[in-house]
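Everything below concerns the one structure shown next.
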Amino acid sequence: MPELPEVETTLRGIEPYLRNVRIERVIVRQPQLRWPIDDDIQLLVGQTVRGLTRRAKYILVETDVGTAIWHLGMSGSLRLVTPTDEPAKHDHVDWVLSNGKVLRYHDPRRFGALLWVLPGEDSTHLSHLGPEPLTDAFDGDYLFARSRGKSQAIKTFIMDGKVVVGVGNIYANESLFLAGIRPTLAAGKVSKARYNELSVIIKDVLGAAIKQGGTTLRDFVGGDGKPGYFAQQLRVYGRGGEECKVCKSLLKEIRQGQRATVFCPQCQR
DNA sequence: ATGACAACCTGTGGGC
DNA sequence: TGCCCACAGGTTGTCA
């Protein structure tokens, strides 16, 4: 599930149940995630959650003695359950909370992570990241400047977290379609005008998806944890071989950097 | 430095 | 029905 809008939706869903709440127990059933969960995570026990924030696709949970950092990987999800709910397969971590809830982490592929950093310590995972796409620091001028001299394809360029965070495979495909840019173009050969359009489109697409996540927020916490966005609105992702919704040409599917790329050979040049 | 590619792990769906 | 392969929302590390 987790692209940036899903992470943002998760954050908004769990935030009211965690803020100012004490963590009574931390139960780790399976520490072998993307990186092994450090025993220091037990420092959370007895701490009150001061606040939750997001950086890229990481969710930061702040306490007085350190910050816990969740990453949902490809298949991770966080939801609130009650202590009587038996953990199922792939329910790797529980945080038992003072308000009677349990924050439960589920992740079949175990590409996610739960990290711990001390106050003032910089997480190596966050320090090298590029700007957030929904901030003013991310615009056409920035993309234009960063891309000069690059032969790398524009799709893998905008998916590079050192360039900009939060643009995953779905939204990279969709944004390039809406911008009319062929994903295989060398990033260094794309004009400033086109980068201006692309940056606006990325903001719009991510913003709209977050808004949709917001509408499913209510069932999210009590429900099955699946953000019910969006599939109907996807223009190209997952539609290789089908008709372009704009021009009826057949959408082409290729692979770039081990990821599926779908584009319209007519609309995207 | 850059960019292409493998790797981590499990589940699912298509083809035979 | 069952087996095998390819592929799935992400990120890091290695190698040429």
Side-chain angles (χ1 to χ4, degrees), chain A residues 1-11 29-37 54-59 69-79 88-93 105-115 123-130 132-133 145-176 183-189 202 205-206 209-210 212-213 216 220 224-241 253-262:
Chain A
M1 285 154 260
E3 284 224 26
L4 184 133
E6 290 73 36
V7 176
E8 182 68 27
T9 300
T10 296
L11 172 64
R29 296 183 199 85
Q30 169 58 278
Q32 298 301 318
L33 303 185
R34 180 70 168 82
W35 300 283
I37 299 174
R54 180 186 61 72
R55 174 74 174 104
K57 294 170 188 164
Y58 297 88
I59 292 173
I69 303 178
W70 289 106
H71 194 290
L72 305 182
M74 293 270 248
S75 58
S77 61
L78 280 169
R79 62 188 188 118
K89 196 176 182 185
H90 305 310
D91 284 345
H92 303 312
V93 181
Y105 180 67
H106 178 86
D107 187 0
R109 292 180 72 181
R110 286 191 273 132
F111 283 5
L114 173 57
L115 307 167
S123 168
T124 51
H125 297 91
L126 305 184
S127 54
H128 66 282
L129 293 175
E132 291 286 329
R146 280 297 299 259
S147 61
R148 290 311 88 184
K150 286 205 173 287
S151 62
Q152 184 187 17
I154 187 166
K155 186 188 174 220
T156 54
F157 174 71
I158 61 171
M159 289 181 70
D160 182 347
K162 295 190 289 301
V163 174
V164 56
V165 302
V167 182
N169 197 36
I170 293 175
Y171 299 109
N173 278 297
E174 295 298 305
S175 299
L176 289 169
T184 51
L185 273 190
K189 288 168 64 177
I202 288 173
V205 168
L206 291 175
I210 290 171
Q212 297 234 341
T216 62
F220 177 78
D224 61 6
K226 281 183 198 162
Y229 70 97
F230 205 73
Q232 296 185 340
Q233 296 182 32
L234 296 176
R235 276 112 164 154
V236 290
Y237 181 81
R239 299 191 62 241
E253 178 153 354
I254 61 173
R255 292 192 76 74
Q256 290 180 288
Q258 311 178 111
R259 315 300 294 277
T261 295
V262 186

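Residue numbering restarts at 1 for every chain, and letters A, B, ... go by the order of the sequence lines. It should be emphasised that the depicted structure is a prediction, and the values quoted were computed from it without experimental measurement.
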Measure the distance from [atom1] on [X] to [atom2] on [N] and round it to the nearest whole Å.
X        : N      : atom1 : atom2 : result
A:Glu6   : C:dG10 : CD    : C1'   : 13 Å
A:Lys89  : B:dT12 : NZ    : P     : 9 Å
A:Met74  : B:dT12 : CE    : P     : 15 Å
A:Lys155 : B:dG3  : NZ    : P     : 16 Å
A:Met159 : C:dT11 : CE    : P     : 9 Å
A:Lys57  : C:dG10 : NZ    : P     : 4 Å
A:Leu115 : C:dT12 : CG    : P     : 10 Å
A:Ile154 : B:dT2  : CD1   : C1'   : 17 Å

Please determine whether a side-chain nitrogen or oxygen atom of [X] lies at a distance below 4.0 Å from atom OP1 or OP2 of [N].
X        : N      : result
A:Arg255 : C:dA6  : no
A:Arg34  : C:dG10 : no
A:Ser151 : B:dG3  : yes
A:His90  : B:dG11 : yes

Can you tell me which nucleotide in [options] comes closest to the side chain of [X]?
X        : options               : value
A:Phe111 : B:dT10, C:dG9, C:dG10 : C:dG10
A:Arg259 : C:dA8, C:dT12, C:dG9  : C:dG9
A:His128 : B:dC9, C:dG10, C:dT12 : C:dT12

Tell me which of A:Glu253 and A:Tyr58 sits closer to the 5' end of DNA chain C, going by the nucleotide each one is nearest to. A:Glu253

On DNA chain C, check which nucleotide each of A:Thr124 and A:Ala260 is closest to and give me the residue with the more 5' one. A:Ala260

Distance, [atom1] atom - from [M] to [N], rounded to whole angstrom:
N     : M     : atom1 : result
B:dA6 : C:dA6 : C1'   : 16 Å
C:dC5 : B:dA7 : P     : 16 Å
B:dG3 : C:dG9 : P     : 23 Å

Using 30° and 60° as the class boundaries, would you call the ring planes of A:His90 and A:His106 parallel, tilted or perpendicular? perpendicular

Quick one: sort the A:His125 and A:Tyr58 rings into parallel, tilted or perpendicular, breaks at 30° and 60°. tilted

So A:Met159 and A:Gln256, do their side chains get closer than 4.5 Å, heavy atoms only? no

Does a side-chain heavy-atom distance below 4.5 Å link A:His71 with A:Leu33? no

Hey, which of these two, A:Lys150 or A:Gln258, hits DNA chain B nearer its 5' end, going by closest nucleotide? A:Lys150

Closest-nucleotide 5' rank along DNA chain B - winner of A:Arg109 and A:Gly257: A:Gly257

Taking every heavy atom of A:Leu4 against every heavy atom of A:Arg54, the minimum-distance pair comes out as CD1-NH1, 3.1 Å

What is the base-pairing partner of B:dC5, counting Watson-Crick and G-U wobble geometry with both distances under 3.5 Å? C:dG13

Could you tell me whether a side-chain N or O of A:Glu253 sits under 3.5 Å from a main-chain N or O of A:Arg239, the two making a donor and an acceptor? no

Would you classify A:Phe157 as touching base, sugar-phosphate or nothing, given that sugar-phosphate means primed atoms plus P, OP1 and OP2, and contacts are heavy atoms under 4.0 Å? nothing

